[in-house]
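Report on one structure; see the data block that follows.
Numbering starts at 1 and runs along the sequence shown.
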Amino acid sequence: MSILVVNAGSSSVKFAMFRLDDLMPTLTALLDWHGNSHQASLTLSRSDEGIRTFQIDAADYRAAVATSLKTIRQAMHDANKAEPEFRVVGHRLIHGGEELRRPVRIDSRMKETIAGFAELAPLHIPPGLEAIAASETALPGVPQVGVFDTAFFGEFPPEVFLYPLPYEWYRKWGIRRFGYHGISHQYCSQRAAEMLDGDSDETRIVICHLGQGASLTAVRGGVAVNNTMGFTPLEGLMMGTRSGTVDPGILLHVQREHRISVDELDDILHKQSGLLGLSGVSSDFRKVEAAAASGNSRAQHALLVYAHRVREQIGAYAVTLGGLDALVFTGGIGENSTRLRRDVCRGLECLGANLDNKRNEETRADGDIATADSCARILVIHTRENLLIARQARELVADID
Ligand code: ADP
């Protein structure tokens with residue numbers, strides 16, 4: 001028996017399969033349109049076989065996902081000489097609004113509820129619903145479960161989720177802070193708890209998820225108490241191409257004085273800011289690091305701003321938590337950039353977090369890079385969002401049985 005995890009985006013769909021009993025990964029697959037609306041490729045990777053690529057007729061998103069699922073089934077059948085059996089399909093869904101704070105079993109009423117969140121996440125919820133419909137067709141009778149990126153943040157108190165804007169905006173339009181990247185943060189919070197001696201209900205952890213998108217979460221005793229992303233994933237840290245938080249007065253100023261339209265501003269804040277906008281080199285952290293190392297001063301500034309914003313937010317969250325037991329680095333940048341971790345940890349000694357420079361250079365995830373006498377541990381954790389989705393989907397169907 002297997003669990004299938006489906007992560008549907010606007011231009012690609014990722015699949016991951018796990019064994020039901022021990023959650024061992026058995027297969028991953030990527031359906032990618034490569035910007036071409038009619039043809040996509042499906043790349044299958046199996047631990048025991050290597051990589052195979054298939055061309056998929058992709059004019060219709062739902063049909064392309066269904067074809068991919070059939071191809072995955074066939075590949076498993078060929079490998080095991082038996083029809084693969086699926087216990088549950090877990091779908092990653094980026095938004096569960098205010099209502100959905102736990103994984104849910106998806107039925108037709110639930111699909112209507114989820115469709116209501118399309119306004120909040122227009123690039124992710126419609127593909128997610130298409131992928132659910134495709135899975136229902138390709139795997140009839142297999143329970144479908146939705147796991148939400150916002151759910152880990154369902155316990156935010158009013159002082160965290162309310163903006164200092166007219167209260168009617170919240171009441172009438174639902175404008176509030178939600179938080180994002182919750183599946184990664186929840187996985188890392190659980191993994192950090194396993195790695196820490198004496199984890200308790202009061203353990204205070206700050207998790208830095210630093211990838212193409214970036215956010216920090218403050219966690220006390222396994223419960224998230226704040227996240228740097230807000231109503232949208234644009235708030236908070238500087239990212240690859242996203243600005244993160246800036247003075248809202250700037251947005252008014254450039255519209256009034258420089259005639260930048262709302263659509264242009266949308267594009268600039270999402271796609272032309274962050275590392276790319278400041279450095280002028282790339283949104284890719286490695287390339288910005290390489291440019292900085294060869295003397296490019298804009299790239300050097302971009303890295304300084306990036307680290308400064310992470311460090312500043314760690315300080316704020318340590319205050320929220322009343323101290324710090326562990327700092328976690330995850331995501332492509334957090335897991336791999338020794339320079340970034342060094343820059344961020346500079347000055348954190350005042351919070352009891354002391355980086356061991358040698359361990360920082362040598363440790364691979366999952367590991368501890370703090371000095372032996374550091375009061376707070378500094379952990380590097382390889383995030384495994386699919387595993388958390390598989391775990392939660394398995395728990396939900398076990399509860400239903
Ligand atoms: P996504 O948010 O798309 O999942 P990732 O978590 O894979 O992205 O992170 C991508 C980022 O990680 C890129 O900016 C990339 O340059 C950076 N990265 C990956 N490996 C390294 C490395 N060895 N050193 C520095 N940055 C790295």
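Ion pair Asp366/Arg191 flagged as a salt bridge, since at least one NZ, NE, NH1 or NH2 atom sits closer than 4.0 Å to an Asp/Glu carboxylate oxygen. With respect to the salt-bridge test (charged N to carboxylate O, under 4.0 angstrom), the residues Arg62 and Asp60 do not qualify. Ion pairing between a basic and an acidic side chain is recognised when a charged N comes within 4.0 Å of a carboxylate O; Glu361 and Arg342 show such pairing. With salt bridges taken as basic N to acidic carboxylate O contacts below 4.0 Å, none links Arg391 and Glu395.
No more than 12 heavy atoms of other residues, nucleotides or ligands shown are found within 6.0 angstrom of CG on Asp201.
Glu235 and Tyr180 share no donor-acceptor pair across their side chains, judged by distance under 3.5 Å alone. Under 3.5 Å, the side chains of His185 and Thr330 contain no donor-acceptor pair of N or O atoms.
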>> Please evaluate residues Leu31 and Val65 with respect to the criterion side-chain contact (heavy atoms from CB on, under 4.5 Å), reporting the C-alpha separation (whole Å), side-chain torsions for both, the decisive distance (0.1 Å), and the verdict.
In response: CA-CA 8 Å; Leu31 172 65; Val65 178; 4.3 Å; yes
>> Applying side-chain contact (heavy atoms from CB on, under 4.5 Å) to Leu93 and Val147, what does each step give before you reach the verdict?
In response: CA-CA 6 Å; Leu93 294 165; Val147 178; over 6 Å; no
> When you look at Ile114 and Leu100, which way does the side-chain contact (heavy atoms from CB on, under 4.5 Å) test go after all the steps?
Replying inline: CA-CA 9 Å; Ile114 294 168; Leu100 303 182; 4.2 Å; yes
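Between Phe156 and Phe153, the ring-plane angle classifies as tilted under the 30° and 60° cut-offs.
Nearest approach of His91 to Ile389, heavy atoms of both residues: N-CG2, 4.5 Å.
In this structure, Asn226 and Thr217 have side chains that are not in contact, with every pair of non-hydrogen atoms separated by 4.5 Å or more. Looking at heavy atoms from C-beta onward, Val397 lies in side-chain contact with Arg87 at the 4.5 angstrom threshold.
With Glu362 as the partner, the salt bridge (Lys or Arg N to Asp or Glu O under 4.0 Å) test is satisfied by one option alone out of Arg364, Arg359, Lys358: Lys358.
The side-chain tip of Arg176 points at the ring of Phe178 from less than 6.0 angstrom away and within 45° of straight on.
For residues 329-363, there are no ring-ring contact (aromatic ring centres under 6.0 Å, His included) pairs, not counting sequence neighbours.
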